[in-house]
Amino acid sequence: VIVWNLTTGELVQSIQCPFNGAISAVVWIHLRDTKDTCFVFGCADGSLHVYRRKGANLSFEFVSVNSEGHDGPIEDLCFDPVHCRIASVGGGHPQVWKVSSTGTLTSMLKISASKEAIARNVFFANEGMDLLVFYLETHEM
């Protein structure tokens with residue numbers, strides 16, 4: 001992950017995860033009761049990593065990692081700012097995570113993988129009350 005300052009064009013930070021494989025998805029998030037800038041990225045091994053920038057600090061700091069959600073690469077991530085949740089797709093199935101005020105991810109819902117269809121994208125709708133899941137092979141939603 002490379003973070004750039006778009007105002008100055010300067011490189012702010014470069015983050016690598018050599019043990020978790022390629023970084024395949026990223027999403028900006030916020031934590032409850034804080035204005036700190038945060039993001040989550042997913043890796044090829046199915047792990048999700050949370051980073052946070054506190055206050056006026058320029059660089060992001062590691063907060064947490066969750067390696068228990070997906071058996072394959074993370075394909076997509078989406079953030080629900082109303083309920084502070086993340087939806088992820090990895091290993092062909094979607095999952096929903098609750099984001100704590102400290103940045104820890106806890107599984108809320110894991111939809112089992114289908115043999116006929118492989119989930120590729122997720123999107124929160126209806127102010128976070130609905131989750132759209134897009135499937136590759138069947139063209140279903």
Side-chain angles (χ1 to χ4, degrees), residues 1-114 116-141:
V1 173
I2 297 175
V3 181
W4 294 92
N5 180 324
L6 294 181
T7 303
T8 65
E10 294 178 80
L11 171 73
V12 175
Q13 187 174 1
S14 178
I15 300 170
Q16 300 176 9
C17 286
F19 302 110
N20 301 101
I23 296 169
S24 51
V26 65
V27 65
W28 290 105
I29 69 168
H30 68 80
L31 305 178
R32 291 184 192 269
D33 305 324
T34 181
K35 294 184 181 192
D36 295 343
T37 304
C38 307
F39 63 84
V40 174
F41 63 80
C43 293
D45 69 350
S47 62
L48 296 168
H49 303 250
V50 181
Y51 277 75
R52 176 181 191 176
R53 180 170 57 200
K54 293 183 180 181
N57 198 1
L58 288 179
S59 62
F60 288 86
E61 299 173 0
F62 172 79
V63 174
S64 69
V65 63
N66 188 305
S67 303
E68 302 172 5
H70 295 285
D71 295 330
I74 302 298
E75 300 284 341
D76 194 23
L77 295 169
C78 185
F79 179 64
D80 164 22
V82 176
H83 301 99
C84 212
R85 298 182 290 202
I86 293 174
S88 59
V89 170
H93 70 274
Q95 190 160 348
V96 179
W97 307 85
K98 180 179 174 87
V99 182
S100 76
S101 59
T102 60
T104 304
L105 303 178
T106 306
S107 178
M108 292 181 59
L109 174 67
K110 184 174 185 176
I111 302 168
S112 58
S114 167
E116 294 101 32
I118 299 171
R120 289 290 184 223
N121 298 95
V122 287
F123 181 78
F124 283 106
N126 192 21
E127 295 185 344
M129 297 304 293
D130 297 325
L131 180 67
L132 296 175
V133 181
F134 302 91
Y135 292 90
L136 182 65
E137 286 78 9
T138 61
H139 304 272
E140 291 179 325
M141 181 167 70

### Any donor-acceptor N/O pair, Asp130 side chain to Ala125 backbone, under 3.5 Å
no

### Side-chain (Ser24) to main-chain (Ile74) donor-acceptor, under 3.5 angstrom
yes

## Note on the structure
Closest non-hydrogen atoms of Leu48 and Ser88, given as atom of the first, atom of the second and distance, are CD1-OG, 4.3 Å

### Message
On a heavy-atom basis, which atom in Val63 and which in Gly103 lie closest, and how many Å separate them?
### Response
CG1-CA, 3.9 Å

Is atom [atom1] of [X] surrounded by more than 12 heavy atoms (other residues, nucleotides or ligands) closer than 6.0 Å?
X: Asn5; atom1: CG; value: yes
X: Lys98; atom1: NZ; value: no
X: Phe123; atom1: CZ; value: no

Nearest-0.5 Å distance that lies between atom [atom1] in [X] and atom [atom2] in [Y]:
X: Arg85; Y: Ile29; atom1: CZ; atom2: CD1; value: 14.0 Å
X: Leu31; Y: Ser100; atom1: CG; atom2: OG; value: 7.0 Å
X: Asn66; Y: Gln95; atom1: CG; atom2: CD; value: 7.5 Å
X: Leu131; Y: Cys78; atom1: CG; atom2: SG; value: 7.5 Å
X: Leu105; Y: Ile86; atom1: CG; atom2: CD1; value: 5.0 Å

### Message
Please identify which of these residues, Arg52, His30, Arg53, Lys54, meets the side chain to side chain donor-acceptor pair (under 3.5 Å) condition with Asp36.
### Response
Arg52

Between side-chain atoms of residues 38-45 and protein atoms elsewhere (two or more places apart, or another chain), which donor-acceptor pairs fall under 3.5 Å?
residue: Asp45; atom: OD1; partner: Ser47; partner atom: N; Å: 3.0
residue: Asp45; atom: OD1; partner: Ser47; partner atom: OG; Å: 2.6
residue: Asp45; atom: OD2; partner: Asn20; partner atom: ND2; Å: 2.8

Is any side-chain heavy atom of [X] closer than 4.5 Å to a side-chain heavy atom of [Y]?
X: His70; Y: His93; value: yes
X: Asn121; Y: Val89; value: no
X: His83; Y: Phe124; value: no

Using residues 10-19 as the side-chain source, report each donor-acceptor pair under 3.5 Å to any protein atom, sequence neighbours left out, with the distance given to one decimal.
residue: Glu10; atom: OE2; partner: Thr8; partner atom: OG1; Å: 3.1
residue: Gln13; atom: OE1; partner: Phe60; partner atom: N; Å: 2.5
residue: Gln13; atom: NE2; partner: Phe60; partner atom: O; Å: 2.9

